[in-house]
> 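Pasting in a structure now, in structure tokens, and then I'll have a few things to ask.
Naming convention: chains lettered A, B, ... in sequence-line order (proteins, then strands); numbering from 1 in each chain.
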Amino acid sequence: MAIEFRVLKESTDCSARIGELKTPHGVIETPVFMPVGTKATVKTMTPEEVRDLGAQIILSNTYHLYLRPGHKLIEEAGGLHKFMNWHKPILTDSGGFQVFSLSDLRKITEDGVEFRSHIDGSTHFLSPEKSIEIQNSLGADIIMCFDECVPYPAEYEYVKKSMERTTRWAKRCKDYHQNWDRQALFGIIQGGMYKDLREKSVKDILDIGFPGYAIGGLSVGEPIDIMCDMLDFTAPMLPKDKPRYLMGVGSPDYLFEAVIRGIDMADCVLPTRIARNGTVMTSQGKLTIRNAKYKNDFSSLDPECDCYTCTNYTRAYIRHLFNVNEILGARLATIHNLYFLIKLMENIREAIKEDRLMEYREEFYKKYGYI
RNA sequence: GUGGAUAUGGCCUAGUUGGUUAAGGCGCCAGAUUGUGGCUCUGGAGAUCAUGGGUUCGAAUCCCAUUAUCCACC
């Protein structure tokens with residue numbers, strides 16, 4: 001088996017746990033936040049910089065790499081790790097999300113999805129088998145089943161049919177996957193915001209059996225209370241000795257609430273995307289660096305942060321970079337935001353260790369301005 | 001000095017057979033962003049239409065004068 005997961009400690013007052021996830025490219029301490037590097041790069045960062053920020057694993061994407069530069073080319077390069085010079089663990093998403101979110105013209109059948117490239121309009125076909133074949137070529141430590149992520153809100157009947165098809169596709173993914181010793185294939189729970197469908201999905205995906213389980217179809221625009229409610233219901237049904245991955249979550253509050261409910265892994269484009277658009281997360285809350293009030297502010301982005309950006313640059317300078325559209329602005333903000341979330345997860349792990357996660361959350365929320 | 005052209009928010013422009021709250025871009029101000037099509041997207045403020053008269057029910061638009069700028073010629 002490619003991965004080995006061990007729970008090291010469980011919280012006494014919530015479902016949070018600390019764990020250790022061994023992969024072919026190193027050990028990951030959980031709970032972990034995974035930066036996203038869709039097209040084989042965490043935008044604006046070199047892999048060395050991402051590593052030095054403390055990132056333990058990054059995400060990349062099947063759909064995008066299949067279209068460009070092509071999975072065969074990456075295989076020829078020696079796999080994704082070697083191609084992009086990132087030698088820590090990688091997780092690739094199956095491409096399911098992109099097929100459903102990017103493509104206008106798509107046709108879903110039992111066999112798979114016919115879609116048109118967002119780049120040149122060419123027609124392609126992605127199936128469970130094709131997605132696994134691509135992910136095998138890419139060579140990530142953890143790969144994902146090809147699923148359908150339904151939007152929110154969605155009709156019960158549609159979600160039900162979609163969830164059942166995702167389950168059948170999961171079986172096909174498992175049957176097709178070959179190198180289990182080098183790549184762990186995770187199953188994905190669907191079922192939208194309907195508890196009975198979530199329950200059925202968990203049961204069927206567990207029956208198929210995977211070394212790890214993801215909860216998909218959340219953080220798709222529903223209120224945070226609903227996500228929490230779905231997690232409260234879904235997470236406890238997953239086996240304790242397997243990693244649990246909540247897909248697409250990345251704001252501090254969502255991360256806290258997910259970890260408290262037993263989530264071990266999460267990924268999100270949020271920190272890197274908002275960084276490029278001039279928003280940074282700080283211990284005192286969100287800050288839009290373009291705002292005029294920072295024009296003469298020569299303090300750092302976050303007085304409590306010791307990242308590269310905060311130890312070397314001022315708000316006034318970074319604001320200037322954004323106002324004149326200089327690339328360095330996006331880089332400095334990205335460095336800070338990634339460090340902020342990586343540090344946050346480190347603090348969360350420490351808090352779990354010391355059995356004070358709920359207190360830490362309270363303290364963080366007050367300062368950040370959530371409460 | 002003579003002749004001609006132009007004058008619209010901070011900047012660049014649209015807008016004439018005269019007709020309701022003068023349009024757009026840039027800039028400015030603010031917001032959004034959650035398994036990444038994103039230097040993206042959404043919203044907001046800001047103009048007595050150079051100035052003064054006149055014609056008209058009604059003028060950025062027509063007429064006169066003034067001022068400024070540009071061009072050509074002496």
> Rounding to a whole Å, what distance do you find between A:I318:CD1 and B:C39:C1'?
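Rounding to the nearest Å, CD1 of A:I318 and C1' of B:C39 are 17 Å apart.
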
> Before you tell me yes or no, could you show the steps for A:E222 and A:M230 under side chain to side chain contact (heavy atoms under 4.5 Å, CB included), namely the whole-Å CA-CA distance, both residues' side-chain angles and the distance that decides it to 0.1 Å?
CA-CA 11 Å; A:E222 78 282 7; A:M230 296 313 298; over 6 Å; no

> Regarding B:U36, can its base be found pairing with the side chain of A:R276 as donor and acceptor, where the two atoms are less than 3.5 Å apart?
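Between B:U36 and A:R276, which were checked side chain against base, a qualifying N/O pair under 3.5 Å is present.
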
> In whole angstrom, give me the gap between the P atoms of B:A50 and B:A22.
15 Å

> For B:U61 versus B:U8, give the span between their P atoms, rounded off to a whole number of Å.
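Those two atoms are separated by 13 Å.
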
> Decide ring pair (Phe, Tyr, Trp, His ring centres under 6.0 Å) for A:H124 and A:Y63; before the verdict, give the C-alpha distance in whole Å, the side-chain angles of both, and the deciding distance to 0.1 Å.
CA-CA 10 Å; A:H124 299 266; A:Y63 171 90; 8.4 Å; no

> Counting just side-chain N and O atoms, does A:N291 come under 4.0 Å of either OP1 or OP2 of B:G31?
yes

> Roughly how many Å is it from CZ in A:R290 to C1' in B:U33, rounded to a whole number?
11 Å

> Check the distance between B:U34's C1' and A:L270's CG and give it to me in whole angstrom.
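Interatomic distance, CG of A:L270 to C1' of B:U34: 5 Å.
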
> Using atom P of each nucleotide, how far apart are B:A45 and B:A7 to the nearest Å?
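So the two P atoms sit 27 Å from each other.
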
> With a non-hydrogen cut-off below 4.0 angstrom, is A:D147 in contact with a base, only sugar-phosphate, or nothing?
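Here A:D147 touches the bases of the nucleic acid.
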
> Once hydrogens and angles are ignored, does a donor-acceptor distance under 3.5 Å link the base of B:G38 to the side chain of A:N277?
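It does not, because no donor-acceptor pair links the side chain of A:N277 to the base of B:G38 below 3.5 Å.
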
> OP1, OP2 of B:G31 versus side-chain N and O of A:T288: anything below 4.0 Å?
yes

> Surrounding CG of A:L328 (heavy atoms of other residues, nucleotides or ligands, distance under 6.0 Å), is the total greater than 12?
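Enclosed: over 12 neighbouring heavy atoms sit under 6.0 Å from CG of A:L328.
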
> Base, sugar-phosphate, or nothing for A:E222, non-hydrogen atoms under 4.0 angstrom?
nothing

> B:U34 and B:U42: how far apart are their P atoms, nearest whole angstrom?
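To the nearest whole Å, 15 Å.
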
> When you measure from the side chain of A:H118, which nucleotide among B:G37, B:A30, B:G35 comes out closest?
B:G37

> Using whole Å, what does the distance between atom P of nucleotide B:G31 and atom CD1 of A:I289 come to?
12 Å

> Checking all strands, does A:L246 fall into the base, sugar-phosphate, or nothing category for heavy-atom contacts under 4.0 angstrom?
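No contact at all - A:L246 keeps every heavy atom at 4.0 Å or more from the nucleic acid.
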
> Please list, chain by chain and in numerical order, all residues satisfying salt bridge (charged side-chain N to carboxylate O under 4.0 Å, His left out) with A:K195, sequence neighbours excluded.
A:D229

> Any donor-acceptor pair under 3.5 Å joining the side chain of A:T279 to the base of B:U33?
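A donor-acceptor contact between them is present.
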
> Taking atom P in both B:C29 and B:U69, what distance in whole Å separates the two?
32 Å

> Looking only at atom C1', what distance separates B:U51 and B:G58, rounded to whole Å?
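Approximately 22 Å lies between the C1' atom of B:U51 and that of B:G58.
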
> Rounded to the nearest angstrom, tell me the gap between atom CZ in A:R273 and atom P in B:C39.
10 Å

> Side-chain contact test, heavy atoms from C-beta onward, threshold under 4.5 Å: evaluate it for A:Y152 versus A:P223 and give yes or no.
yes

> Is A:K39 touching bases, backbone alone, or none of the nucleic acid, heavy atoms closer than 4.0 Å?
sugar-phosphate

> Closer than 4.0 angstrom, basic N to acidic O: yes or no for A:K161 and A:E164?
no

> Between A:D111 and A:K130, is there a side-chain N and carboxylate O pair less than 4.0 Å apart?
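A salt bridge is absent here (no side-chain N lies under 4.0 Å from a carboxylate O).
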
> Base, sugar-phosphate, or nothing for A:K286, non-hydrogen atoms under 4.0 angstrom?
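Sugar-phosphate contact only.
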
> Go ahead and write out RNA chain B as dot-bracket, 5' to 3': ( ) for pairs within the strand, [ ] for ones crossing earlier pairs, | when the partner sits on another strand, dots for unpaired; Watson-Crick or G-U wobble, both distances under 3.5 Å.
((((((((.[[[[.)...(...]]]].(((((.......))))).....[[[[[..)....]]]]]))))))).

> Can you find a donor-acceptor N/O pair under 3.5 angstrom joining the side chain of A:E148 to the base of B:G35?
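Check fails, no donor-acceptor contact within cut-off.
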
> B:G46 and B:A30: how far apart are their C1' atoms, nearest whole angstrom?
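It comes out at 15 Å once rounded to the nearest Å.
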
> In this structure, how many angstroms lie between the C1' atom of B:U36 and the CZ atom of A:R68, rounded?
13 Å

> Can you check the distance between B:C62 and B:U16, where both ends of the measurement are the P atom (answer in whole Å)?
10 Å

> Separation of A:N323 atom CG from B:C26 atom P, in whole Å?
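Computing the A:N323:CG to B:C26:P distance gives 15 Å.
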
> For the side chain of A:N325, counting heavy atoms from C-beta on, which of B:G35, B:C39, B:U33 is nearest?
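Closest nucleotide to the A:N325 side chain: B:C39.
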
> According to a strict under-4.0 Å criterion, is A:K293 in side-chain N/O contact with OP1 or OP2 of B:A30?
no

> Name each donor-acceptor pair under 3.5 Å that joins a side chain in residues 33-44 of chain A to protein atoms two or more places apart or in another chain, with its distance.
none

> Can you tell me the distance, in whole Å, between the CG atom of A:L138 and the P atom of B:G35?
19 Å

> Between A:N312 and A:Y317, is there a side-chain donor-acceptor contact under 3.5 Å, judged purely by atom types and distance?
no

